[in-house]
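This report refers to the structure that appears directly beneath it.
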Amino acid sequence: MLTINLIREQKDFIIERLKVKNFDSEEIINKILLLDSSRRDILSKSDQMQGELNRISKEIGVLMREGKENEAKTAKERTYKLKEDIRSLSDKLIPVENDLRNEIIRLPNLPHKSVNPGHGADDNFKLREGGKIPALSEKALPHWELIRKYDIIDFELGIKLTGAGFPVYKGKGAKLERALISFFLDEGVKAGYTEVIPPIMVNEDSGFGTGQLPDKEGQMYSVTLDNFYLIPTAEVPVTNIYRDVILNGDSLPIKNVAYTPCFRREAGSWGAHVRGLNRLHQFDKVEIVRIAHPDHSYESLDEMVMHVESLVSRLGLPYRIMRLCGGDMSFTSSLTYDFEVWSAAQKRWLEVSSVSNFEAFQANRLKCRFKDKGDKQTRLVHTLNGSALALPRIVAAILENNQTGSGINVPEVLVPYTGFNIID
RNA sequence: GGAGAAAUGGCAGAGUGGUCUAAUGCGGCGGUCUUGAAAACCGUUGUCCUGUGUCCACGGGACCGGGGGUUCGAAUCCCUCUUUCUCCGCCA
């Protein structure tokens, strides 16, 4: 959510910037400014009357104590009309404030100045790439056949237990999954992140804080009886730890790493490219989250990109880092880098991480602020997060890229975690 | 799940209808004293909205778990929700 101050002061700048996201904001902003001025109008009148009412009430208190009953009665009569007027103003105010809020939350976050305009994946900018694309034999299999061959992940069984997109990991497949989670968490802790294990269901306030609600409830599974949502990413509970708090400036940046299962309904997104592990309703992910000082948040973003890069590179996977164009970026993001790894048998790039700076957009929803030492004013923090990493596509790439005639080689860095170096 | 009690500033804790502009203590910040520190003493203290003046103040309004109500006036009374604690029941 953009701050109302910014909208008041930088209207034209906002309209220009949002064009990079292909978002025409002029009409909304004009409506916002109109509602805002009518809100302040009503508020100043009603505050003035409230002040008057408070004064009279205090007078009545004094008169009563002095036993001047008649004068107290006269004073009381003066309050009736005031009370009525205040009530009618506040009745007017409620819809104005609701409309104002509903309009403000329709505005997406402003893209960072380095973001190019564009409409989709083709307009993204390749920042850099690394690793070597393996040359596989003609007989190389896609991962959905490999997992069947080695009996390590069972989709049919998941369908029986729950439904499509809820796989069962078995034997060395389960161990590989657990090894990756441990490896990612340990690397995060080594890089100075504090590990947290959050709830995997959240309430409505949390969903609002990070921007999933009110518009994207269709993407999340909900527990309607208790009004909870299954998290689509650890970003939601971990960032909401800092909802409604005022931090010390010198505690920033706060760095958290969390493993959670993630749940996504993926309504309407099933198509040709979603076989096997490419898209699931439940998957494992390790997420890094930062609460950063606004003056240093882009340094934080760079550090997070380097951290994720070290993970894919140590797993020996060929990767590229894309800076998303305006049209491909999420509603809440200012700047996003996507990590893609090469899946050798499918011969395509798979997105395995998305690292974003949300600047103050989530912080304004979360009311997460900080105060620098000696400062009287609070400021909004910047929030950032990134997958480090999402597991299923990493598993798919490892399986496909590392397949040999005699089995699948486990990346060296994982062997201490798996206890085996080949899946056969 | 049943019965009872409670929720007040960063923390502890007073306040049961009107100078509450929320006591007091601790903590924090600034200062005096000191070679330095501690102790002592003095001062200060939250958040949000809004207006004037314009980067620092001043004025008005709101906030005592959330929401609603009674009243000229609510931390205080009423309703409701949430959370916590105690006891009972159930349970990995």
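Just so it is clear: chains get the letters A, B, ... in the order the sequence lines come, proteins before strands, and each one is counted from 1. What you see below is based on every heavy atom in this structure, not just the backbone, and it leaves out hydrogens, waters and symmetry mates.
Looking only at distances, no side-chain donor or acceptor of A:K371 sits under 3.5 Å from a matching main-chain atom of A:Q377. Panel note: side chain A:N124, backbone A:C325; a donor-acceptor pair is recorded below 3.5 Å.
At the phosphate of B:G73, OP1 or OP2 sits under 4.0 Å from a side-chain N or O atom of A:K83. Residue A:R40 places at least one side-chain N or O closer than 4.0 Å to OP1 or OP2 of B:G51. The shortest distance between the side-chain N/O atoms of A:R39 and the OP1/OP2 oxygens of B:C49 is not below 4.0 Å.
Going from atom CD of A:E71 over to atom P of B:C72 covers 19 Å, rounded to whole Å. For A:I246 and B:G28, the CD1 to C1' distance is 15 Å, given to the nearest whole Å. Remark: P of B:C49 and CG of A:D41 are 19 Å apart, rounded to the nearest angstrom.
In this structure, A:K81 does not pair ionically with A:E84, as no charged nitrogen and carboxylate oxygen lie closer than 4.0 Å. We find that A:R148 and A:E145 are not joined by a salt bridge, their nearest charged nitrogen and carboxylate oxygen being 4.0 Å or further apart.
Within the shown strands, nothing qualifies as a pairing partner of B:A22 under the Watson-Crick or G-U definition with both distances less than 3.5 Å. As the counterpart of B:G30, B:C42 is assigned, both hydrogen-bonding distances of the Watson-Crick or G-U wobble pattern falling under 3.5 Å. In this structure B:C48 sits in a base pair with B:G61, meeting the Watson-Crick or G-U test at under 3.5 Å. With both pairing distances under 3.5 Å, B:A92 is matched to nothing as a Watson-Crick or G-U wobble pair.
Residue-level contact check: A:K371 touches the backbone only, with heavy atoms under 4.0 Å from sugar-phosphate atoms and none from bases. A:L82 comes within contact range of no nucleotide atom at all, as no heavy-atom separation falls under 4.0 Å. When heavy atoms are screened at a 4.0 angstrom cut-off, A:S57 is found touching base atoms of the nucleic acid. Residue A:L43 is classed as a sugar-phosphate contact, given heavy-atom separations below 4.0 Å to backbone atoms only. Residue contacts for A:R369: at a heavy-atom cut-off of 4.0 Å it reaches the sugar-phosphate backbone alone, with no base atom in range.
Aromatic ring orientation, A:H307 versus A:Y193: tilted (interplanar angle from 30° to 60°). Taking the six-membered ring where tryptophan is involved, the planes of A:H281 and A:Y221 are perpendicular, since the angle between them exceeds 60° and thus also 30°.
The gap from the C1' atom of B:G46 to that of B:C11 amounts to 13 Å, rounded to the nearest Å. A gap of 27 Å separates the P atoms of B:U19 and B:A12, to the nearest Å.
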Annotated protein contacts, base or backbone, on nucleotides 59-67 of chain B with a non-hydrogen cut-off under 4.0 Å, one of B, S, - each
-BSS-----

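A ring-centre distance under 6.0 Å is found for A:H293 and A:F370.
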